[in-house]
Amino acid sequence: MRLTIAGFEVAVAGQRHEVVHPDVPPVENIGFLIDGEVFHPGDAFTVLEAPTLLVPGQAPWMKAPEMIEYLRAVAPRRAFAVHDGLLNDAGLGLLDGQLAGEGERQKREFRRLRPGESVDLIP
């Protein structure tokens with residue numbers, strides 16, 4: 001499904017939320033690809049081609065190696081962590097290190113934006 005919202009082309013992708021608990025069936029989950037540039041997968045590891053990925057940085061349904069595998073599967077030019085609100089300073093430092101390490105490995109920009117920080121995605 002594709003639609004235009006406030007001048008942005010938005011494509012909907014994905015189907016299911018990652019498993020949160022073994023006794024709870026997965027619920028619906030969708031991600032949004034905006035102008036073919038930025039993909040927010042919601043609470044899932046939906047793989048699609050996107051130059052910019054808003055990668056889940058932490059969640060009760062994921063492990064750090066899954067984040068790295070997801071970054072490798074999508075292989076975006078840049079990735080910015082989202083979904084990190086449950087982390088304390090130690091956890092945020094660990095996340096920063098994991099993103100930087102994988103970014104170096106892929107020779108890409110992978111990092112977490114600080115509160116209030118923005119980036120320009122226009123080349």
Side-chain angles (χ1 to χ4, degrees):
M1 167 195 258
R2 291 185 186 278
L3 39 121
T4 301
I5 302 172
F8 294 97
E9 181 182 300
V10 180
V12 179
Q15 295 178 347
R16 297 274 182 212
H17 192 292
E18 294 297 324
V19 175
V20 175
H21 189 282
D23 297 337
V24 178
V27 297
E28 296 295 317
N29 177 85
I30 55 172
F32 300 99
L33 178 62
I34 302 165
D35 279 345
E37 174 65 40
V38 178
F39 182 55
H40 189 307
D43 290 339
F45 294 125
T46 303
V47 176
L48 58 77
E49 190 173 320
T52 304
L53 176 64
L54 302 180
V55 63
Q58 187 281 333
W61 48 264
M62 69 175 273
K63 298 181 283 190
E66 294 169 327
M67 177 187 69
I68 300 299
E69 290 170 2
Y70 186 48
L71 285 165
R72 291 177 182 180
V74 175
R77 279 193 305 238
R78 66 190 74 78
F80 301 106
V82 295
H83 211 297
D84 61 7
L86 295 177
L87 294 176
N88 62 19
D89 288 341
L92 290 170
L94 180 63
L95 175 59
D96 290 341
Q98 291 169 327
L99 290 167
E102 186 59 22
E104 270 184 41
R105 182 189 169 281
Q106 292 191 39
K107 296 181 180 20
R108 313 267 171 135
E109 180 186 13
F110 295 168
R111 65 189 184 92
R112 182 176 58 90
L113 298 177
R114 302 305 188 262
E117 183 181 4
S118 64
V119 293
D120 185 2
L121 301 177
I122 298 172

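The residues of the chain are indexed from 1 along the displayed sequence. Here the structure is a predicted model, which is why all the values come from computation and not from measurement.
- With hydrogens and angles ignored, the 3.5 Å screen pairs no side-chain donor or acceptor of Gln106 with any backbone N or O of Ala75.
- Counting heavy atoms of neighbouring residues, nucleotides and ligands inside a 6.0 Å radius, atom CD of Gln15 does not exceed 12 of them.
- We find that Glu69 and Lys63 are not joined by a salt bridge, their nearest charged nitrogen and carboxylate oxygen being 4.0 Å or further apart.
- In this structure a side-chain-to-backbone donor-acceptor pair under 3.5 Å is missing from His17 to Glu28.
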Check against side chain to side chain contact (heavy atoms under 4.5 Å, CB included), Arg78 and Leu121 = CA-CA 9 Å; Arg78 66 190 74 78; Leu121 301 177; 3.5 Å; yes

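- Smallest separation of non-hydrogen atoms from Pro51 and Gly36: CD-O, 3.3 Å.
- One N or O on the side chain of Arg114 and one on the backbone of Arg112 form a donor-acceptor pair closer than 3.5 Å.
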Would you sort out whether Leu99 and Met67 count as a side chain to side chain contact (heavy atoms under 4.5 Å, CB included), showing the intermediate values?
-> CA-CA 9 Å; Leu99 290 167; Met67 177 187 69; 4.1 Å; yes

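- When every heavy atom of Thr46 is checked against every heavy atom of Val74, the shortest pair comes out as O-CG2, 4.4 Å.
- For Asp35 (side chain) and Glu9 (main-chain N/O), a donor-acceptor pair under 3.5 Å exists by modelled atom type.
- What you find for Ala50 and Leu33 is that their closest heavy atoms are CB-CD1, 4.0 Å.
- Below 30°, between 30° and 60°, or above 60°: for Phe45 and Tyr70 the angle between ring planes is between 30° and 60°, a tilted geometry.
- Hydrophobic clustering (side-chain heavy atoms under 4.5 Å, transitive across Ile, Leu, Val, Met, Phe, Trp, Tyr) groups Leu3 together with Phe32.
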Evaluate the side chain to side chain contact (heavy atoms under 4.5 Å, CB included) criterion for residues His83 and Asp43: first the C-alpha distance (whole Å), next the side-chain angles of each, then the deciding distance (0.1 Å), finally the verdict.
-> CA-CA 9 Å; His83 211 297; Asp43 290 339; 2.8 Å; yes

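- At least one donor-acceptor pair under 3.5 Å links the side chain of Arg108 to the backbone N or O of Pro76.
- With values rounded to the nearest 0.5 angstrom, Glu37 atom CD is found 11.5 Å from Phe8 atom CZ.
- Shown here for Pro56 and Met62, the closest heavy-atom pair between the two residues is O-CE, 3.5 Å.
- Val19 and Val24 sit in two unconnected hydrophobic clusters of ILVMFWY residues. Membership requires side-chain heavy atoms under 4.5 Å apart, directly or through other members.
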Before giving the answer on side chain to side chain contact (heavy atoms under 4.5 Å, CB included), spell out for Phe110 and Glu104 the whole-Å C-alpha distance, their side-chain angles and the decisive distance to 0.1 Å.
-> CA-CA 8 Å; Phe110 295 168; Glu104 270 184 41; over 6 Å; no

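- Taking CG of Leu54 as the start and CZ of Phe80 as the end, the distance is 8.0 Å to the nearest 0.5 Å.
- Counting heavy-atom neighbours within 6.0 Å of Asp89 CG, excluding the residue itself, gives a total of 12 or less.
- Other residues, nucleotides and ligands place more than 12 heavy atoms under 6.0 Å from the CD atom of Glu117.
- Trp61 and Leu87 fall within a single hydrophobic cluster, where Ile, Leu, Val, Met, Phe, Trp and Tyr are joined by side-chain heavy atoms under 4.5 Å apart, directly or via other members.
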